[in-house]
Chemist: 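Sharing a structure, written as structure tokens. Questions coming.
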Amino acid sequence: MNSLTTAAGATLAATDQYRPAFHYTAERNWLNDPNGLVYLNGTYHLFYQHNPFGADWGNMSWGHATSRDLLHWDEQPVAIPCDEHEAIFSGSAVFDQHNTSGLGTAANPPLVAIYTSAYSDAAPLPGRQAQSLAYSLDEGRTWTKYHGNPVLDRASADFRDPKVFWYDGGAGSYWVMVAVEAVQRQVVLYKSADLKAWEHLSTFGPANATGGVWECPDLFELPVDGNPEDNRWVLIVNINPGGIAGGSAGQYFVGEFDGVAFHSGSTVTEGLQKDSSRMREYGWLDWGRDYYAAVSFSNVPDGRRIMIGWMNNWDYARETPTGGWRSAMSLPREVSLTRVDGKVMLRQQAIDPLPERETGHVRLGPQPLASGVLDVPAAASVARIDVELEPGAAAGVGLVLRAGDDERTVLRYDTSDGMLRLDRRESGQVAFHETFPSIEAMAVPLQGGRLRLRVYLDRCSVEVFAQDGLATLTDLVFPGEASTGLAIFAEGEGAHLVVLDVVGR
Ligand code: FRU
């Protein structure tokens with residue numbers, strides 16, 4: 001077994017036992033935020049924050065992977081490398097179909113990446129963060145930096161993470177950029193006709209969770225319950241630390257964008273927002289610890305909105321006990337809006353990676369669940385688990401995941417407070433960081449007395465989609481390879497299993 005020394009000096013076993021089967025990881029080295037998510041001619045492009053030279057954060061460049069189905073990814077050469085003047089921080093990519101930028105031709109319009117130049121002390125704008133362009137005329141294979149960079153500079157050290165989209169609405173047709181003044185907890189909006197000259201439109205925030213810097217925003221429009229006459233805009237704001245479960249997390253606001261400013265009825269006004277007891281009232285993309293920097297693809301056909309997050313947390317990302325690679329992306333999620341009890345909410349459903357990989361299938365039909373633990377005859381470390389439960393009079397029901405001799409990850413629904421909790425305190429390797437042993441919690445109202453869960457396990461992760469994706473919870477776990485046990489449990493009498501379905505390998 002090889003070994004690897006971290007910045008902190010700890011020696012890690014360089015084993016691939018945690019390498020996910022169906023989540024994207026770079027073959028080698030460090031990865032964080034998804035960047036430049038764009039679809040073009042049948043190919044999904046995933047660029048990402050990447051250190052080409054090591055398994056720790058640094059030398060930030062855009063790595064690149066491509067996929068035709070969002071499930072199988074082919075790693076490509078580094079797309080935009082850092083140099084002595086700038087690190088290539090997060091940003092987005094657009095297909096400039098009408099060559100508004102003039103960086104391509106009418107016959108061969110460019111893909112344009114809008115990224116943050118994080119300037120070094122040796123650069124002409126030392127220590128600043130400003131927005132820059134790079135373009136590709138060969139569908140993302142090779143990239144050229146625009147000679148007029150940066151295209152947008154606010155003389156700020158914390159102005160980053162531009163997400164650009166084409167706005168076509170009541171106020172006209174133009175490019176819109178949302179980016180952050182991270183330390184101010186503000187999203188700044190700009191417009192442009194050509195991606196090069198930008199004009200300030202408005203500023204949003206601070207609002208709702210403000211306990212950390214704001215990063216990686218996104219803004220998009222979706223119909224409510226599929227009704228094109230009833231659209232809303234969704235503003236995504238990632239925050240670190242100060243997330244709902246501790247450390248990094250993503251919040252969302254539902255509202256209106258009139259081409260100039262974003263307004264939301266789901267903001268809690270200043271003053272009250274400092275009250276941490278309000279935190280559970282805000283919109284969270286995920287209630288776990290390991291879904292951060294989530295943003296959406298541009299140019300996807302049929303109005304589909306697909307997001308990917310970085311499956312890690314800045315609290316301990318540098319310490320996670322993997323080998324020469326570090327960090328995975330979440331499963332891609334298709335997001336939509338739905339009205340629940342009068343409130344418009346996001347629903348998120350994973351692009352399902354398992355049907356075609358199916359080798360094992362276990363199904364338990366309807367039955368009363370006696371108080372106690374029922375072992376499921378399935379070895380589950382790479383699996384999709386669908387379960388529907390009626391807690392009834394039981395105090396709690398749930399699943400024991402990744403169970404081994406002295407390891408378990410427990411997903412438990414508590415009838416008394418209506419919360420679903422994931423407890424990873426005994427999940428396996430937890431001691432690499434003091435904040436890692438944790439219990440995450442999210443409110444999950446029963447529907448017709450029932451709790452429906454879809455859970456994906458993939459060697460070092462647990463992704464929970466509750467009530468068809470109305471609430472999600474993503475956590476990393478590092479169990480032993482042999483810890484593949486799965487069980488259902490009830491605490492007290494009166495619970496029923498409606499169905500359990502496990503597909504895995
Ligand atoms: C978010 C982030 C971004 C920044 C990038 C640097 O995780 O801090 O704000 O652009 O990572 O790698």
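As the structure lists them, so they are numbered: ligands from 1, and atoms in each ligand from 1.
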Chemist: Can a side-chain donor-acceptor contact be found between Asp290 and Thr474 if the only test is distance below 3.5 angstrom?
Modeler: no

Chemist: Identify every side-chain donor-acceptor pair in residues 239-255 under 3.5 Å, counting partners at least two apart or on other chains, and give the distances.
Modeler:
from: Asn240; atom 1: OD1; to: Ser248; atom 2: OG; distance (Å): 2.8
from: Ser248; atom 1: OG; to: Asn313; atom 2: OD1; distance (Å): 3.3
from: Ser248; atom 1: OG; to: Trp314; atom 2: N; distance (Å): 3.0
from: Gln251; atom 1: OE1; to: Ala209; atom 2: N; distance (Å): 3.2
from: Gln251; atom 1: NE2; to: Ala209; atom 2: O; distance (Å): 2.9
from: Tyr252; atom 1: OH; to: Leu346; atom 2: N; distance (Å): 3.1

Chemist: Under a plain distance cut-off of 3.5 Å, with no hydrogens placed, do Glu75 and Tyr24 share a side-chain donor-acceptor pair?
Modeler: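 The answer is yes; a qualifying pair exists.
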
Chemist: Which residue in the set Val94, Leu152, Val151, Asp161 passes side-chain contact (heavy atoms from CB on, under 4.5 Å) when paired with Ile114?
Modeler: Val94

Chemist: Not counting sequence neighbours, list each pair that qualifies as a salt bridge (Lys or Arg N to Asp or Glu O under 4.0 Å) and has a residue in residues 211-221.
Modeler: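 Non-adjacent pairs meeting salt bridge (Lys or Arg N to Asp or Glu O under 4.0 Å): Arg160-Glu215, Lys163-Asp218.
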
Chemist: Pick out the protein N or O atoms lying less than 3.5 Å from any N or O of ligand 1, and list each pair with its distance.
Modeler:
from: ligand 1; atom 1: 7 (O); to: Asp33; atom 2: OD1; distance (Å): 2.7
from: ligand 1; atom 1: 7 (O); to: Asp33; atom 2: OD2; distance (Å): 3.3
from: ligand 1; atom 1: 7 (O); to: Trp314; atom 2: NE1; distance (Å): 2.9
from: ligand 1; atom 1: 8 (O); to: Glu215; atom 2: OE1; distance (Å): 3.2
from: ligand 1; atom 1: 8 (O); to: Glu215; atom 2: OE2; distance (Å): 2.9
from: ligand 1; atom 1: 9 (O); to: Arg160; atom 2: NE; distance (Å): 2.8
from: ligand 1; atom 1: 9 (O); to: Asp161; atom 2: OD1; distance (Å): 3.4
from: ligand 1; atom 1: 9 (O); to: Asp161; atom 2: OD2; distance (Å): 2.7
from: ligand 1; atom 1: 9 (O); to: Glu215; atom 2: OE2; distance (Å): 3.1
from: ligand 1; atom 1: 10 (O); to: Ser90; atom 2: N; distance (Å): 3.1
from: ligand 1; atom 1: 10 (O); to: Asp161; atom 2: OD1; distance (Å): 2.6
from: ligand 1; atom 1: 11 (O); to: Asn32; atom 2: ND2; distance (Å): 3.3
from: ligand 1; atom 1: 11 (O); to: Asp33; atom 2: OD2; distance (Å): 3.1
from: ligand 1; atom 1: 12 (O); to: Asn32; atom 2: ND2; distance (Å): 3.1
from: ligand 1; atom 1: 12 (O); to: Gln49; atom 2: OE1; distance (Å): 2.7
from: ligand 1; atom 1: 12 (O); to: Trp57; atom 2: NE1; distance (Å): 3.0

Chemist: Does any pair with a residue in residues 80-99 pass ring-ring contact (aromatic ring centres under 6.0 Å, His included), and if so which ones, sequence neighbours excluded?
Modeler: Trp57-Phe89

